[in-house]
Student: 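Have a look at this one before I ask anything.
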Amino acid sequence: MPRDATYEIPASYDLFIGNEWVTPTSSAVLENRSPLTDDLLCTVPDANEVDVAAAVHAAKGAWRGWFALGARKRANLLLQVADRLEADADRFAWLETTDTGKPWRESKANVHTAADRLRYFAGVVRGFDGRTQPVGRNILSMDLREPLGVVGIMGAWNFPLNMFAGKIAPALAVGNAVVYKAPEPTPITTFELARLMGELLPPGVINVVTGRGETAGAALVAHPDVRKISLTGSSDTGRIVMSSAAKSLKRVTLELGGKNAQIVYGDADLAAAAQGVMLGAFMNQGQVCTSGSRIFAHRSIADELRDRVVGLIPKLRVGDPFDPETNMGSMVYREHMDSVLRYIDQGRAEGGQVVVGGGRLDLDAFPKGLFVQPTLFGAVEDDMTVAREEIFGPVATFHLFDDEDEVIGRANALDYGLAAGIWSQDLGRAHRTAQAIEAGRVWVNCYNLFPSGSAFGGTKASGFGREDAFESMLDFTQVKNVIMDYAPSRRSFYD
Ligand code: NAD
């Protein structure tokens with residue numbers, strides 16, 4: 001797929017409210033620049049309280065009718081969205097790569113994941129029943145699952161399209177209407193999928209606003225008619241959003257940051273483990289919440305594992321994300337790349353040894369491209385900044401360990417608890433470790449797989465709530481209990 005393919009991006013977007021493009025009252029805009037060329041791709045509104053209120057108003061007017069359609073009709077419409085999205089996969093992937101700089105083949109896979117999330121929830125909602133319990137001779141107690149009404153959803157910028165689809169799918173399937181605040185640096189595919197959905201769904205069911213966290217995001221969290229906020233973002237933002245949501249007693253689910261351990265035991269299949277380490281550290285340029293950036297290697301195999309990884313890193317093709325052979329593209333935006341490079345400098349300043357990489361990558365074809373070399377720090381101390389803080393870039397640290405209890409303690413030592421990888425051919429050990437690890441997702445002898453239907457989410461500072469699975473439908477519903485006497489006695493209450 002050539003970079004100069006002829007798909008269009010509007011010079012500016014308005015807000016998507018009630019299936020229409022609505023000019024915001026706010027005149028402030030955010031510039032969206034190409035991570036490859038620094039050219040202006042488009043501008044999007046920095047929506048204010050009034051604009052967000054208009055989107056909430058549209059959703060408030062829509063959700064009852066949407067719920068009343070029933071699960072079958074809602075599901076059929078979501079299936080149509082998935083079909084249309086996949087039919088337009090090349091364009092969506094092109095837009096995603098243009099906006100994020102991620103490899104084209106990953107963008108293409110992301111389109112299919114987005115469609116799969118929509119299909120999964122369209123399917124599961126057909127069996128998402130309440131519960132009926134006979135509680136006496138004539139009496140039935142019914143737990144009815146009802147939508148919350150208007151829900152506010154905010155996603156991060158690293159997987160804009162499949163995060164949008166994956167987060168809204170359960171909310172819509174069970175009958176809510178959504179106001180989605182798109183991530184600032186990568187809004188394009190969110191707007192384009194909303195445009196497509198607007199051709200199929202009733203007005204107001206899906207609404208998209210853009211803007212900064214402090215403006216549009218804060219307004220969405222504060223709005224009294226929004227019943228729940230579902231956020232994917234950093235742990236710091238999670239703390240702000242949760243405390244602000246408390247003022248109006250909103251529900252929250254938080255998918256937050258991570259600093260995830262990959263534990264490679266002495267009996268691991270090292271060829272497979274080395275590949276898994278590479279995927280964990282460098283997929284999506286390391287801009288993944290589950291990035292397996294802390295590599296714990298058992299001392300008996302540490303040299304061999306490190307040699308294998310060091311040998312694989314130069315084989316990564318970093319560069320033009322539209323080249324089908326490319327494994328790593330650019331970082332998403334300049335300030336973020338600068339932050340990643342600062343972390344690398346800090347790692348060196350604290351005594352860390354860079355084994356491979358360690359800086360920006362200059363490419364003749366992209367003199368302004370935001371490329372960072374895949375970087376590995378050799379045996380580091382656990383308390384170094386690069387080993388403790390989420391870098392969200394292609395930077396991994398290598399740690400040695402001697403036994404199982406020790407490595408579990410060290411893996412659990414951080415406040416984060418999102419994901420972990422375990423590499424061992426001893427399934428007893430792998431399972432013991434998986435149980436002891438404080439994380440919402442543990443991969444054994446694999447990494448970074450995200451199948452629909454597998455509950456995904458964090459513990460500790462990585463948040464709470466589960467996505468991609470049945471549990472998320474519970475999070476987007478509430479139970480109304482109805483107790484019915486279907487043959488009421490006419491006896492007096494006092495007899
Ligand atoms: P971020 O926290 O800066 O922003 C996330 C969203 O929250 C954005 O839409 C932003 O505008 C909004 N926001 C920011 N401040 C706000 C405020 N005060 N009030 C209301 N809304 C506000 O995160 P980011 O930089 O976009 O994404 C990177 C982070 O997301 C990393 O920490 C990464 O680990 C995390 N992440 C987590 C998951 C997961 O599933 N657990 C997935 C992807 C990314």
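In this text the structure is predicted, and so the values were computed from the model without any measurement. Every number for a ligand or one of its atoms is a count from 1 in the order of the listing.
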Student: So does His57 have more than 12 non-hydrogen atoms from other groups sitting under 6.0 Å from NE2?
Tutor: no

Student: Between Gln285 and Met328, is there a donor-acceptor pair closer than 3.5 Å when you use the side chain of the first and the backbone of the second?
Tutor: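 Absent.
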
Student: Counting non-hydrogen protein atoms only, what is the nearest one to atom 7 (O) of ligand 1? Give residue, atom name and distance.
Tutor: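 Of the protein heavy atoms, Leu231 CD1, 3.4 Å lies nearest.
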
Student: Distance from Glu255 atom CD to Asp468 atom CG, nearest 0.5 Å?
Tutor: 7.5 Å

Student: What atoms of ligand 1 come within less than 4.0 Å of a heavy atom belonging to Met163?
Tutor: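 It comes down to these atoms of ligand 1: 42 (C), 43 (C).
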
Student: Trp157 vs Tyr333 aromatic rings, parallel, tilted or perpendicular, using cut-offs 30° and 60°?
Tutor: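 Trp157 vs Tyr333 ring planes: perpendicular.
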
Student: Report, as yes or no, whether the 6.0 Å neighbourhood of atom CE on Met242 holds more than 12 heavy atoms from other residues, nucleotides or ligands.
Tutor: no

Student: If the test is ring-ring contact (aromatic ring centres under 6.0 Å, His included), which one of Trp21, Tyr180, Phe164, Phe191 qualifies with Phe16?
Tutor: Trp21

Student: Check whether any N or O atom of Lys181, backbone or side chain, sits under 3.5 Å from an N or O atom of ligand 1, and answer yes or no.
Tutor: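 N/O-N/O distance under 3.5 Å: yes.
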
Student: Look at atom 37 (C) of ligand 1 and find which of Val221, Thr237, Thr210, Leu256 reaches it with the closest heavy atom.
Tutor: Leu256

Student: Of the protein's non-hydrogen atoms, which lies at the shortest distance from atom 18 (N) of ligand 1, and what is that distance?
Tutor: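 Protein heavy atom with the smallest distance to atom 18 (N) of ligand 1: Ile240 CG2, 3.6 Å.
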
Student: Would you mind finding which of Cys289, Gly465, Ala182 brings a heavy atom closest to atom 36 (N) of ligand 1?
Tutor: Cys289

Student: Any idea which atoms of ligand 1 are less than 4.0 Å away from a heavy-atom of Met154?
Tutor: 20 (C), 21 (N)

Student: Set out, in order, the CA-CA distance, both residues' side-chain angles and the distance that settles side chain to side chain donor-acceptor pair (under 3.5 Å) for Thr385 and Glu350, then state yes or no.
Tutor: CA-CA 8 Å; Thr385 308; Glu350 291 178 19; 2.5 Å; yes

Student: Between Val288 and ligand 1, which residue portion shows a heavy-atom distance shorter than 4.0 Å: side chain, backbone, both, or neither?
Tutor: neither

Student: Just going by heavy-atom distances, which of Gly233, Gly463, Ser235, Gly213 is nearest to atom 30 (O) of ligand 1?
Tutor: Gly233

Student: Should the heavy atoms of other residues, nucleotides or ligands under 6.0 Å from CD of Glu381 be counted, would the total exceed 12?
Tutor: no

Student: Show which atoms of ligand 1 fall inside a sub-4.0 Å distance from at least one heavy-atom site of Gly217.
Tutor: 20 (C), 21 (N)

Student: Hey, which atoms in ligand 1 end up nearer than 4.0 Å to a heavy atom of Gly155?
Tutor: 6 (C), 8 (C), 9 (O)

Student: Quick check: Thr232 and ligand 1, any N/O pair under 3.5 Å apart?
Tutor: no

Student: Give me the one residue out of Phe456, Phe128, Phe476 that meets ring-ring contact (aromatic ring centres under 6.0 Å, His included) with Phe470.
Tutor: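 Option passing the ring-ring contact (aromatic ring centres under 6.0 Å, His included) with Phe470: Phe128.
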
Student: For atom 32 (O) of ligand 1, what's the nearest protein heavy-atom neighbour? Residue, atom name and distance, please.
Tutor: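 For atom 32 (O) of ligand 1, the nearest protein heavy atom is Glu390 OE1, 2.6 Å.
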
Student: Just to confirm my output: which protein heavy-atom neighbour is closest to atom 40 (O) of ligand 1, and how far is it?
Tutor: Phe456 CE2, 3.2 Å

Student: Looking at ligand 1, is there an atom of it that comes within less than 4.0 Å of some heavy atom belonging to Gly458?
Tutor: no

Student: Can you tell me if Gln287 contacts ligand 1 (heavy atom of the residue under 4.0 Å from the ligand)?
Tutor: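 Contact check Gln287 vs ligand 1: negative.
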
Student: Any sub-3.5 Å donor-acceptor pair from Trp66's side-chain atoms to Leu172's backbone N or O?
Tutor: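 Checking the backbone N and O of Leu172 against the side chain of Trp66, a donor-acceptor pair under 3.5 Å is found.
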
Student: Give the numbers and elements of all ligand 1 atoms closer than 4.0 Å to a heavy atom of Ala156.
Tutor: 26 (O), 27 (O), 30 (O), 44 (C)

Student: Taking atom NZ as the centre, does Lys460 end up with more than 12 heavy-atom neighbours from other residues, nucleotides or ligands that are less than 6.0 angstrom away?
Tutor: yes

Student: Which residue holds the protein heavy atom closest to atom 26 (O) of ligand 1, what is that atom called, and what is the gap in Å?
Tutor: Trp157 CD1, 2.9 Å

Student: Side chains of Asn284 and Phe159, heavy atoms from C-beta outward: is any pair under 4.5 Å?
Tutor: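 Of all side-chain heavy-atom pairs linking Phe159 with Asn284, at least one is under 4.5 Å.
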
Student: What atoms of ligand 1 come within less than 4.0 Å of a heavy atom belonging to Asn158?
Tutor: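 Near Asn158, meaning under 4.0 Å from one of its heavy atoms, ligand 1 has 43 (C), 44 (C).
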
Student: Just distances here: any N/O of Arg212 and N/O of ligand 1 closer than 3.5 Å?
Tutor: no

Student: Which of the numbered atoms in ligand 1 are below 4.0 angstrom from a heavy atom of Leu418?
Tutor: 41 (N)

Student: Within a radius of less than 6.0 Å around CD of Glu471, do more than 12 heavy atoms belonging to other residues, nucleotides or ligands occur?
Tutor: yes

Student: Among protein heavy atoms, which sits nearest to atom 10 (C) of ligand 1, and what does the distance come to when rounded to 0.1 Å?
Tutor: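 That would be Glu184 OE1, 3.6 Å.
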
Student: Nearest to atom 33 (C) of ligand 1, what protein heavy atom do you find, and at what distance?
Tutor: Phe392 CE1, 3.3 Å

Student: Hey, is CD on Glu8 packed in by over 12 heavy atoms from elsewhere, all under 6.0 Å?
Tutor: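 It does not: Glu8 CD has 12 such atoms or fewer within range.
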
